[in-house]
Amino acid sequence: MTKAKRNRLIYNIVTFALVIGAFLLLQSMIANKSITRSLKGQLVPICCWVVMAVSLNLVIGISGELSLGHAGFMSVGAYTGAVISGWLLNAHGVDNTTLRLVLAIVAGGMAAGVMGALIGIPVLRLRGDYLAIVTLAFGEIIRNLVNVLYVGVADGRLTFSFLNKSMPEGVTMLVDGAKGAVKIKPISTFTAGFVLILITLIVVLNLVNSRAGRAIKATRDNRIAAESMGVPVTKYKMMAFVTAAALAGMAGALYGLNSSTVVPTQFTFNQSINVLVFVVLGGLGNVLGSVISATLLTVLPEMLRAFSDYRMLVYAVVLILVMIFTNNPLIRSVLSSAVAPIKRALRGKKQGGETA
Amino acid sequence: MIFLDNLINGLSLGSIYAIIALGYTMVYGIAKMLNFAHGDVIMIGAYIAFCGLQYWGLPPVIAILAAMAVCTLLGVTIEGLAYRPLRQATSLAVLITAIGMSYLLQNIALMIWGANPKSFPRTFINGASIRIGQLSISSATIWTILANIVIMVALTLFTAKTKMGKAMRCVSEDRGAAELMGINVNRTISMTFAIGSALAAIAGVLLCSSYPILQPTTGSMPGIKAFTAAVFGGIGSIPGAMIGGVLLGVIEIFGKAYISTELGDAIVFAVLIVVLLVKPTGLLGKPVREKV
C-alpha cells in the first residue's frame, strides 16, 4: 500500500468514524433525554446542511467551479419532495412514512439532478466564471417560478397550474404560490438524515478517489493540460455538478419534509452563501472539514443569539480573510515558515516514539 | 402609446444597467475578474448621495460629486486591500473574495443606515415630466438616457486617446507584455476600479431617482442584471456593455408588461442562459484563444 493510499484510507475511516460516532452519541442522548430541545429540533437541519456543504464542496473544491445556486437545487428538491409525499398520501393512501420519505428524497434528488444537467450543458463547456453567474441566475429563476406555481391533488391526480390559481373543485392544495408548499406532514427523521449523510459521503469520497475523480481534479488544476491528455473536460465537470445538484435536491427534500410549510424565501441567495461559507471555512476539497464546519456553524448561531446580528458580517470577513491567507504567496510563505518548526518538532517526537 | 411608454421605460432602465455594466466589463476586461461587489458600490453611492441631500443639505450636484468621490475611494481601497493580494491566485479564490466583499459592504450599510428602506429625496433629476402629444416622459428618464450617452462618448474617447486609456487596453490584451513595456499594471487596474466605481455612484443616484427605495440590498439585483447585460453584450467590450444593458432593460420592461410581472427577473436571467447557449462570447465579444 502506497503512502498516499494509506493516508486516504485513514482520512476516509476518520470521516466515517466521526459521523457514525456523532450519530450514536446523539441517539444515546435522545434515548436518556439529556439532549436540549433546541438541539433536538436542529438535528435534521444539521444533516441537511452537512449534505449541502459536502455536495457543494464537490463542485467548488474538487472540480474548481463556483456554484452560487445551491439553495436553488435545494428548493427544487424541497418542493418535489413535498409534492410527491403529499401525492402519495392523498392519492394512493401510502401511510408508511419511511416509504414516503425515501420516495420523496429520491424524487427530489432526481428533479434537482435533471435541473443541474439542464444548466450544466450550456455553461460547463465555457471557460471563466460563467457557472457562478448562471447558477445565481438559476436560483433567482427558481424562486420566481415557484412563487407562481400551484399544485393540487384531487381524485388521485395531480393538477398543475401556473401564474393563476385555477383548480378544480374539491382539490387539496400542495403548493400554493407565494405561500409555498403547504400542509406538509413532517416525516423527516434524524436517522434518515444520518443515512443521507452516509450516502453522500460514500458517493463523494468514492467519486473523488476514482478514475473520474482524478480526471475532475486534473481539469481543475489545468484545463488545457487535462484536455491535451485526452480528458473530456465538460463530461467530468458535468459529472461533479450533476451529482452535487442531485445530493442538494435530496437534502432539500429532507429539509422540506421536516416542517409543515416550505416557502420560496427560505432558499435565497443568502442560503447559497451560507453553504459557501461552510465549504470555505471547512477547507476547499476537504470533505471532513465541510462536515465539521456545517455542523458547528448550524449549531453555534442558535446558541449565540446575541451574535446573530453580526453573523453575515463575520461570514463576509471570514470569506475574504480565508481566501487571502490561503492564496497570497507572500502570506503563505510566512505562515509555512512559522509552522515548519512546529511540524519538525512533531515529526521528531513521533519518530522518537517509534524507536523507543 | 402603451408600447412607446414601455419602450421609453425600458430604455431608461437599460441605460442604468448599461452604466453599471460598464464597471463590470472594464474590470473584467482588465483584471479578468468578476467584481461581485460592484453592485454594492452602487448602493453605497446612493446612500452617500442620500445623506448629502437629506442630512447635510448639500445641493444635488455636490451630493452626486461627493458620492462619486467616496465610491472612487471605496473602489480603489477594495481593490488594493482584497483583490491585489490575490493577483496570482485562481479565479475561484478571487470570486469568493469578491462575494465576501459584496456581503461586507451590505452588512456595513446595514449597520450604518439600518434595514428600513429610505425613500430617496427628489432632486432636479426627477423634476417635471415632458409631454409630447399623449406621451409623457419623466425627467429622470431623460437625465438617465442623457447621462448614458455622455458617459459612453467620454469613455470611448478616454480609452482611445489618452495615455491611461491606451494602457488599459494594453493590460487587457496581455498583462505580462504590458508590464514589460513599462506600464504600471497595478496603477492601471486601480484606475479601472476608480472609473468603474465613480460610474457606479452615478448609476446609484439615477437608479434611486427612478426607483426611490434605498436599502442595503438595493444594489445587488441591478448589479447581477447589469453583469448579465455585460455578458449579453460581450464581456470586456465597452460598446457591448452599452448595447447589452439597453437591450436587457427593454427586454425586462416588455417581459413584465406583456408576459408576467412576477416573472420579470426570470425572463432576464433566461436571456442570459440562452445567450450563453447560442453565442457564449456575447453580441460584440471576440472569441479569445488560449495560449499555452
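Source: prediction; values computed, not measured.
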Where does [X] contact chain B at under 4.5 Å (heavy atoms): side chain, backbone, both or neither?
X: A:L276; result: side chain
X: A:I119; result: neither
X: A:I273; result: side chain
X: A:N222; result: neither
X: A:I324; result: both
X: A:L284; result: side chain
X: A:F138; result: neither

Side-chain contact, heavy-atom cut-off 4.5 Å: B:P222 with B:I20?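 Contact flag for B:P222/B:I20 side chains = yes.
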Whether over 12 other heavy atoms sit under 6.0 Å from B:I2 CD1: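 Counting other residues, nucleotides and ligands, CD1 of B:I2 stays at 12 neighbours or fewer.
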Choice from [options] maximising heavy atom contacts with chain A below 4.5 Å:
options: B:Q106, B:M111, B:Q88; value: B:M111
options: B:S260, B:A266, B:G264; value: B:A266
options: B:T228, B:L276, B:I224, B:I235; value: B:L276

Check [Y] with [X], please: is the shortest side-chain N to carboxylate O separation under 4.0 Å?
X: B:D265; Y: A:R143; value: no
X: B:K256; Y: B:E252; value: yes
X: B:E79; Y: B:R87; value: yes

Shorter than 4.5 Å, heavy atoms on both sides: which option in [options] has the most such pairs with chain B?
options: A:L145, A:N147, A:V148, A:I133; value: A:I133
options: A:T326, A:L313, A:L319; value: A:L313
options: A:L330, A:I60, A:V280; value: A:I60
options: A:L68, A:V318, A:N270; value: A:N270
options: A:V277, A:L66, A:V317; value: A:L66

Can the ring centroids of B:F254 and B:Y258 be said to lie less than 6.0 angstrom from one another?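 Yes, ring centres under 6.0 Å apart.
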A:F73 and A:F267 aromatic centres sub-6.0 Å: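 Ring-ring flag for A:F73/A:F267: false, centres at least 6.0 Å apart.
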Is the ring pair B:Y24/B:F227 parallel, tilted or perpendicular, if the boundaries are 30 and 60 degrees?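 Perpendicular, since the angle between the ring planes exceeds 60°.
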Is the ring pair A:W49/A:F278 parallel, tilted or perpendicular, if the boundaries are 30 and 60 degrees?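 Answer is perpendicular, since the angle exceeds 60°.
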Please classify the contact of [X] with chain A as side chain, backbone, both or neither, using a heavy-atom distance under 4.5 Å.
X: B:V231; value: side chain
X: B:Y83; value: neither
X: B:L272; value: side chain
X: B:I108; value: both

Would you name the heavy atoms of [X] and [Y] that are closest together and state the gap between them?
X: A:A71; Y: A:T268; result: CB-O, 3.6 Å
X: A:A248; Y: A:H70; result: CB-NE2, 3.6 Å
X: A:A316; Y: B:Y103; result: CB-CB, 3.7 Å

